[in-house]
Structures are given as structure tokens and as C-alpha cells.
Amino acid sequence: MDYSPAPENPDLAIEWLKKHNSTFGLFINGKWFRPKSAPVFKTVNPANGKKLAMITEAGETEVNLAVNSAKLAFPKWNALSGHERARFLYAIARQIQKHSRLFAVLESMDNGKTIRETRDIDVPLVIRHFYHHAGWAQTLENEFPEHTAIGPVGQIIPWNFPLMLLSWKIAPALAAGNTVVLKPAEFTPLTALLFAEICSNTGIPPGVLNVLTGSGNTGSMLVKHPDLKKIAFTGSTEVGKIIREQTADSDKKLTLELGGKSPFIVFEDADLDSAIEGLVDAIWFNQGQVCCAGSRLLVQESVAEKFIERIKIRMIKLRVGDPLDKSMDMGALIAPIQKDRIQKLVDQAKKDGAEIWQWQGKLPQNGCFFPPTLLTNVSPASTVAQTEIFGPVLSSMTFRTPDEALMLANNSTYGLAASVWSENINQSLHLAPKIKVGVVWINCTNQFDASAGFGGYRESGYGREGGHEGMFEYLNLKKKMDVYVKRLKVKQASIYAKSDQNKLDRTAKLYIGGKQTRPDSGYSLPVLSSDGALAGEIGHGNRKDIRNAVESANKACKWHSLNPHARAQILYFIAENLEIRSKEFENRIVSLTGLNKKQAALEVKTSLSRIFTYAALADKHEGLIHQPPIRGLSLALNEPIGVIGIVCPDEVPLLGLLSLLLPALAMGNSVILVPSRPFALIATDLYQVLETSDVPSGVVNIVTGESHELGAILAKHDDVAGLWVVGTKEECTNAKKFSTGNMKIVWTCDGKAIDWFDSQQSEGREWMRRASQVKNVWIPYGE
Ligand code: NDP
């Protein structure tokens, strides 16, 4: 039996376009604004190449107008009660529900994706997002009592899920009390404009939501705008890196949802029929233009041949064609430029020795279509195994053992998602925490829900969208830090000299891999006491010392897998051993800083309490179990970031250092500490405390030297996953700038001082959150 055409009626969408004369201005301060001199560009239907409408390109004047209206609207919007904001979000959800068919059709026409997907996936998820976040707005004061909105935020989205990504950005921003300037992609502006119009039906105050259409240039102007307090970006890793560099010298909050090359792992004991259906969804959903597309098939060798044959049979049955035909599986690609890019990558695969198998059906004559494509005989290092193709092209590889599957899965610069297929749940749950990605789907794929945060590891970006964790991306701590840090100027005494190996060496060495080691340079630096006398010397660490420290920190992976109770026990042990030597530390503080005994005793006492806090939290910063609207659960696990570099403050050197080190350890990270240059002897006194407290070797590495030099080396190091810097504004900017290439997760004080005695600023869950990243593991149940 063959399918008959089942066309969706596009009249509603055509009528809406006509109502606007198929020409759109910008949505600023609650109304349409059509600047006379601004250039316009056309948006077309990729399925037939026909023009849909003319769109305005926002320039500097319009960007300023929109940002200004968001800025002016912010105080009032933020001052509304959670309940008042919740009512607006709820009304938006209702409006979208009411106009859901119009949204679905318009999205399909502007993007080329099938009506089946826009109607059954995109739009329902958008509605769910606004309902869910109406709930966060309602409960904000109780759920996030220590947090407050950030201000006006800039949001930039790509073309592959125009309406859905809009909702992922706007709903949490508004719920938290921020105002928004959103820039949709040049290819797909229409549903954002319809959304703006429909929102105004809810009576939402003018300026709370502004939509600026335009090119990458418009996006760039938003990124650089001084009045925006946050940039939330979804798009390519390439542009994500540019944005990170451009925002490095500002204190703008930044979340980046970037590209991916996600593995789809099939074990020999998987239900292969289900896995095939999962695979169709993983790689041919939305023509493969999905950031988390399962574009790398890893199949166990014993079933590979059988599985590949079944894929081919299944591929024959796929239906590719008019996106508005309700029975189509695949629609059109976004644009010819994307089609050419995909073709080039397939040609490259051929040159690299891959075998190509393509869907044999007839593609529509007009429009931008590409056949579902399977590449076999792909080598793991080849371009198509590493590059995000962003099209309906599956690269398949095989593995023999679970370890090999894991190695291949992690053999990517990206880390967005993974799908694991096996009837052995033990094996899947054993693997899930080891795959370096933000989402793992077990025996399912492409599951999304507003309650479960979505986002990546590594070059797939950072930050989460959705759920409890996503709300923090739109909130700041209420407590303000506003005094700028000044690094203590250290007198460069003439004692800066090469250590004499023949003399009795009193230089405190570096601490790497659980051993005290001489610095590679052979040089030491003086540490002076408060009266200017020489208190001792420290090693002058360099690039090679950092490299060794990173290597040993990376080897200390047992710490990550130790259970939280065991980690807590070791932290308590640190407190015990520090207490035994408290007088020694007090004397050191007095001699180096010039504080009086009482002040030094308070610092040591507070430090002990801080250790207790993190020993307590080690087994309490647990994840959540989400119950999304599927038959299954999503486990939001708080995972360590990995290896974190920490550049410590000069002020209150013992308490400052421990306040940073402890949350990182409690979450299971291993650490490279760069202690305060003038007070580094306090850190080197800690070696013995660490050694006697059963801290495994390599978990804490201490490299002394010049903070700005070592901070820059840590920022550039590809195997350091996170970096925290407390220092001057310049040191903080450099930490962000120098790590653009590897996209590590960076937190800095932005040059502002932290009161380390104030537990609200310097202790608790906020720090545990900084030391962790959320991974959502989806587990369906039922037969
Ligand atoms: P781009 O990075 O090219 O563009 C994304 C958005 O940024 C567009 O609105 C674009 O404008 C704008 N833009 C382009 N250059 C700049 C700039 N210099 N400064 C500020 N804004 C700029 O990505 P694509 O649109 O090609 O989208 C595909 C990418 O998005 C893929 O890599 C995909 O993986 C990723 N993505 C990630 C998701 C995630 O959640 N992690 C989800 C969906 C997609 P314009 O359209 O005018 O060029």
C-alpha cells in the first residue's frame, strides 16, 4: 500500500503574512518599528525556494533602541511579584496553545522541517516550556531566596529549532525577572515575529520582550552592547568562541549551547528493532540538523553487519518530500549553502575510503533536499567522524568491548549528548557517567523536557537550559561584590636567584602528584614577612610544572569515582589535622600578613568550619530525579567538572584558598592550586596536612609562582576542564580570553573582592554548583 498525499492547509500562515504585507519591522518596546533606512532581506521557504516575506535588518540605532527599552522595562518587571510574572508566562503558554497550528505551519514553511515534527514535537515542547517556567516564576522567591534577576539580557538563536530555542531562552529569562532582546536566525525569523505579536496580546509590559531580526552583525552588536548583562547564545562552536572572546573583558554572564557530534552506541544485547527506530529519530529527525543528532553510530562488531543491513532496509522506507505533507519523515534542508557543505563532507568521506549508501527515492525537483545517507567503513579520526555535518548523514563505526565503545564515544572535541542501547541496564548505567556529555539517553534518543536541563560539556559549550539548573543561568546572587581586587605588590628582592643545589635547601617545593618536587626552572622566589624580612622561598613554577601537575591531576580519577561519603571522611580528616597544627598556621599568618594573633586565630577557626561545611555538603549536593511527560525518568546527576585550576586570592590567604579548594574536592574534582604569591608559604605548609589526611596523590597539586603567569598557562591548557581565578580584572579577563580555544568552564571574581568571612558569599551550594555540571540520564521504563 502506498501513501497518498496528506497536505496541511497553509492558509492561516499565508493570511498572517498577508496581514503584514509580507514585510516585517522589528518588535521594540511593545510595538512594531519599521526604520526607514534599515536594509531588508528576504526569508524563503526552503522546500520550494519561494519568498515568504521581507525582513528588517537591525543596525546599531535599532540595537540601541531595543536594548534601551529592555533596560528601562527591567526595574518594573523585576519588581513584579513572582505570581504576577507567572500569570504572564501562563498567558503566553495559552496564547501559543491557541495558535498552535499557525505556529506549526509557519515554522514548517520558514524552516523546511516537516509539519509532523513542528506540530507534534516543537510546538508542544514550547508550550510545556512556558507552563513549566510559569511555575518557576510563581515559586521564585521561595525556591531561589538568595538570588535575583540579572537585568536586560541578549539572546541569539540559530535556525534549526527557531521557536523551540526561543522558548528555551525567553521562558527562564522572563520567569527570573529579566527583560530580553532576542535575535532569531536570518533564515528563520518568522515564528519569533509571530511570537512577539502574540505575546503583546497578553498585555506584557512594553520593553520586556524585544525581537530584533538581522544578520550575524546584529548578533555581534548585541554581544558587545555594554547595557546587556548576559548573553545566551545557541549556535555553532565557531561563533561561540568569538562571543566568548568578545565578552571576556566584561562581567556579562554567558551561556553557550554549541555544536555536537553525538555517539549512538548499540551493544550486541540491544533490542535491535527499537535501536533502528531510535536511530531514524537520532539522525534523520529535522534532516539531521540537530545539535545533539546521533551522527556517530558505534555498533558492537558482533551485530554490526546485521544492524547495518537493517538500517538500509529501514532507510528505503523513509519518506522525503514536501514538509507540509503530514506523512513525510524528512523535509528540506535550510538553504543551498548548507546542502553544498554537506555534499562536500560526503565527497570527503568518499576520498577518505568510506562507503556511501543513500536513500534511493525521488527528491522533489525544487527546493533544498538531501537524501538520507549512511557512511560505513569510517575511520574514527576521519573528517566525517569528527566534524559536525549538521545534515542527514550518519557515520558508522564498530567496537568490540564496552571500554572501546567508551573510548570512541569520548573521542570528540564535543560533548553534547549520547544514546546507549543495551538490554543490560547495569552496563548502560555504568557507562553513562563516563561519557563526557551533558545528556545520556538510555534506550531512547532526542528526549527533551522543560524540567530537564539541556547543555554540553567541552566544545559543546556550558550552561544548561531548562529545569532547576537552567534557572540559575538567569539569576545572580543577591550579595554584591563591588570592591576591586588589588594584588599585593611583592617586593622583588634581589634574592630572586637560582637555588644552590649544594646548600641546604630551605625553599618550599612544589607539590605535584603527592610529592614535593623542585620547580623545573630551578629558580625560587622570595616570600617576605610583614616586616620585610625574608620569611622563606618558594619554587618559581613554570609551564612544565603545570603540565606535570595536570597530568597527575588527570590520573587521579579514583577521586571522582570515590563515593561522596568517603570523600567527606577525608575532608573531615583534613580539618582534624589542620586543627592539630592550628597554632603553626596562626603564627604563619601573623608573620606574613601582619595581622594580630586574634585575627589570625579567627581565620584558622573559620577555615576549620569551612572544611566542615564542605565535608557536610560532599554527600548532600545530590541530583534530582525528573519525571518528564514520558514513561520514564530523567536523572539529573551533579558531576565533577574534572581537573580544575584555581588561582587563589591574596586576601585572607588560608581561608581564601580553602574556600576555593574545598568545594572542588567535595564534588570530586582534582585540583591544581596556584597560591597567593606573597603568602604562598601558607599553602606549602598545607602539604603535610594533606599527606596525613589520606588525600590521594594527584588530587591536590600546588604550583607556586607568579599568579598571572601560571593562571595564563592553566587557561591555555587543553586538559584543564575548569578554571577559577580570584585576582585583578586583567587576570580575570585573561583567564576567559586565553581559554577560548578549549572552551573550559571559567569562573572569575571579575576583579572584585570577595568577603571570605561572609558565608553567604563564600560558602555553600553556590560553590558546589560552580564545581559541578549537570548530566541528565534518561531512562524509559515499561515494555
Ligand atoms: P551560527 O553560529 O552561524 O548562528 C547562530 C546565531 O548566531 C544566528 O542567529 C546567527 O545569525 C548569529 N551569529 C552569527 N555570527 C554571529 C556573531 N559573530 N556574533 C553574534 N551572533 C552571530 O549557527 P547556525 O545558525 O549555523 O546553527 C547551527 C549550529 O547551532 C550548529 O553548530 C548546532 O549544533 C548549533 N546548535 C546547538 C544547540 C544546543 O543546544 N547546543 C541547539 C541547536 C543548534 P545569522 O542567522 O544571521 O547568521
Side-chain angles (χ1 to χ4, degrees), residues 39 41-43 55-59 63 110-111 113 122 125 154-169 181-190 192 211-225 228 231-247 252 254-262 285-295 333-335 337-339 341-342 387-391 412-417 437-439 446 448 452-466 470 473 740 743 776:
F41 59 95
K42 70 179 169 186
T43 183
I55 307 294
T56 303
E57 161 131 21
V63 168
D110 204 18
N111 171 282
K113 60 170 76 191
D122 297 40
L125 277 169
Q155 304 184 321
I156 301 169
I157 52 173
W159 44 260
N160 58 341
F161 290 94
L163 187 64
M164 196 170 96
L165 293 176
L166 168 152
S167 72
W168 286 19
K169 294 229 166 346
V181 181
L182 174 112
K183 190 200 96 65
E186 211 170 340
F187 286 133
T188 53
L190 291 179
V211 176
L212 287 184
T213 46
S215 65
N217 217 6
T218 312
S220 187
M221 287 180 218
L222 283 179
V223 169
K224 292 179 202 154
H225 204 292
L228 291 175
I231 296 294
F233 172 78
T234 299
S236 60
T237 297
E238 194 189 343
V239 175
K241 285 183 179 179
I242 296 173
I243 292 178
R244 175 148 165 174
E245 174 118 29
Q246 286 172 342
T247 51
K252 278 195 180 92
L254 180 64
T255 40
L256 298 174
E257 302 288 345
L258 309 176
K261 188 78 186 173
S262 301
F285 168 56
N286 202 22
Q287 296 71 252
Q289 303 167 132
V290 182
C291 50
C292 51
S295 53
L333 293 179
I334 189 71
I337 185 173
Q338 188 68 7
K339 186 173 162 183
R341 189 177 163 270
I342 296 168
T387 309
E388 182 182 44
I389 298 177
F390 224 58
S412 170
T413 52
Y414 295 111
L416 196 50
V437 292
V439 186
N446 277 345
F448 310 101
F454 182 85
Y457 284 24
R458 308 204 272 192
E459 292 202 11
S460 290
Y462 46 81
R464 295 290 178 264
E465 292 194 320
E473 308 292 352
T740 299
M743 295 299 252
N776 267 284

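One-based numbering, in listed order, for ligands and for the atoms of each.
A 4.5 Å side-chain heavy-atom check between T387 and R341 finds at least one atom pair inside the cut-off. Using a 4.5 Å heavy-atom threshold, the side chains of L165 and Q155 count as separate. Contact of the D110 side chain with the P162 side chain is not registered, since no non-hydrogen atoms from C-beta on lie closer than 4.5 Å. Counting heavy atoms from C-beta outward, P184 and V211 have side chains that approach closer than 4.5 Å. Looking at K252 and V223, their side chains never come closer than 4.5 Å, going by heavy atoms from C-beta outward. Put simply, the side chain of E465 does not reach to within 4.5 Å of the side chain of E473, judged on heavy atoms. By the 4.5 Å heavy-atom criterion applied to side chains, I55 and L190 are counted as neighbours. Considering only heavy atoms from C-beta on, T213 stays 4.5 Å or farther from T218 through its side chain.
Among all protein heavy atoms, the one lying closest to atom 11 (O) of ligand 1 is K183 NZ, 3.1 Å. For atom 27 (O) of ligand 1, the closest heavy atom belonging to the protein is P158 CB, 3.2 Å. Counting protein heavy atoms only, atom 14 (C) of ligand 1 is closest to G216 CA, 3.5 Å. If you check which protein heavy atom lies closest to atom 8 (C) of ligand 1, you get I157 O, 3.4 Å. Among protein heavy atoms, the minimum distance from atom 41 (N) of ligand 1 is reached at L258 O, 2.7 Å. The closest protein non-hydrogen atom to atom 1 (P) of ligand 1 is S236 OG, 3.6 Å. In terms of protein heavy-atom proximity, atom 35 (C) of ligand 1 is nearest to G235 O, 3.1 Å.
The shortest N or O to N or O distance between E388 and ligand 1 is under 3.5 Å. The shortest N or O to N or O distance between Q246 and ligand 1 is not below 3.5 Å. Considering both main-chain and side-chain atoms, E186 comes within under 3.5 Å of ligand 1 through a nitrogen or oxygen pair. Ligand 1 has no nitrogen or oxygen under 3.5 angstrom from a nitrogen or oxygen of I243. Close N/O approach between S460 and ligand 1 is not found [any backbone or side-chain N/O within under 3.5 Å]. Of the N or O atoms in F187, none lie within a sub-3.5 Å distance of an N or O in ligand 1. On a distance-only criterion, F233 and ligand 1 share no N/O pair closer than 3.5 Å.
Judged as a ring pair (Phe, Tyr, Trp, His ring centres under 6.0 Å), and not counting sequence neighbours, Y414 has no contacts. In this structure, the ring pair (Phe, Tyr, Trp, His ring centres under 6.0 Å) partners of F161, at least two apart in sequence or on a different chain, are F285.
For F390, every heavy-atom contact with ligand 1 shorter than 4.0 Å involves the side chain, none the backbone. Proximity of L416 to ligand 1, defined as any heavy-atom pair under 4.0 Å, is confined to the side chain (atoms from C-beta onward). The parts of T234 lying near ligand 1 are both backbone and side chain, judged by heavy-atom distances below 4.0 Å. Here L165 has side-chain heavy atoms under 4.0 Å from ligand 1, and that is the only part of it that gets that close.
Of all the atoms in ligand 1, the ones that sit under 4.0 Å from a non-hydrogen atom of N160 are 43 (C), 44 (C). Counting atoms of ligand 1 from 1 in the listed order, those under 4.0 Å from a heavy atom of F454 are 40 (O). Ligand-side atoms of ligand 1 in range of I156: 6 (C), 7 (O), 9 (O), 12 (C), 20 (C), 21 (N), range being under 4.0 angstrom from any heavy atom. Close approach of ligand 1 to E257 is summarised as follows: ligand atoms under 4.0 Å from at least one heavy atom of the residue are 37 (C), 38 (C), 39 (C), 40 (O), 41 (N). Within ligand 1, counting atoms from 1 as listed, the ones closer than 4.0 Å to a heavy atom of G219 are 19 (N), 20 (C), 21 (N).
Residue contact check for ligand 1: W159 places a non-hydrogen atom closer than 4.0 Å to it.
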Full working for side-chain contact (heavy atoms from CB on, under 4.5 Å) between I334 and F187: CA-CA 7 Å; I334 189 71; F187 286 133; 3.7 Å; yes

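Residues F233 and W168 keep their aromatic ring centres 6.0 Å or farther apart.
Considering all non-hydrogen atoms of both residues, L222 and L228 come closest at O-CD1, 3.4 Å. Nearest heavy-atom pair, I156 versus G219, reported as atom, atom and distance to 0.1 Å: CD1-O, 3.6 Å. Closest approach of G259 and S460 over heavy atoms only: O-OG, 2.6 Å.
The closest non-hydrogen atom to atom 16 (C) of ligand 1, taken over V239, T237, L222, comes from V239. Residue nearest to atom 36 (N) of ligand 1, selected from S215, C291, G214, P189: C291 (by heavy-atom distance).
Look at R464 and E257 and you find no salt bridge, because none of the NZ, NE, NH1 or NH2 atoms lies under 4.0 Å from a carboxylate O.
Using a 4.0 Å threshold on non-hydrogen atoms, atom 4 (O) of ligand 1 does not count as touching the protein.
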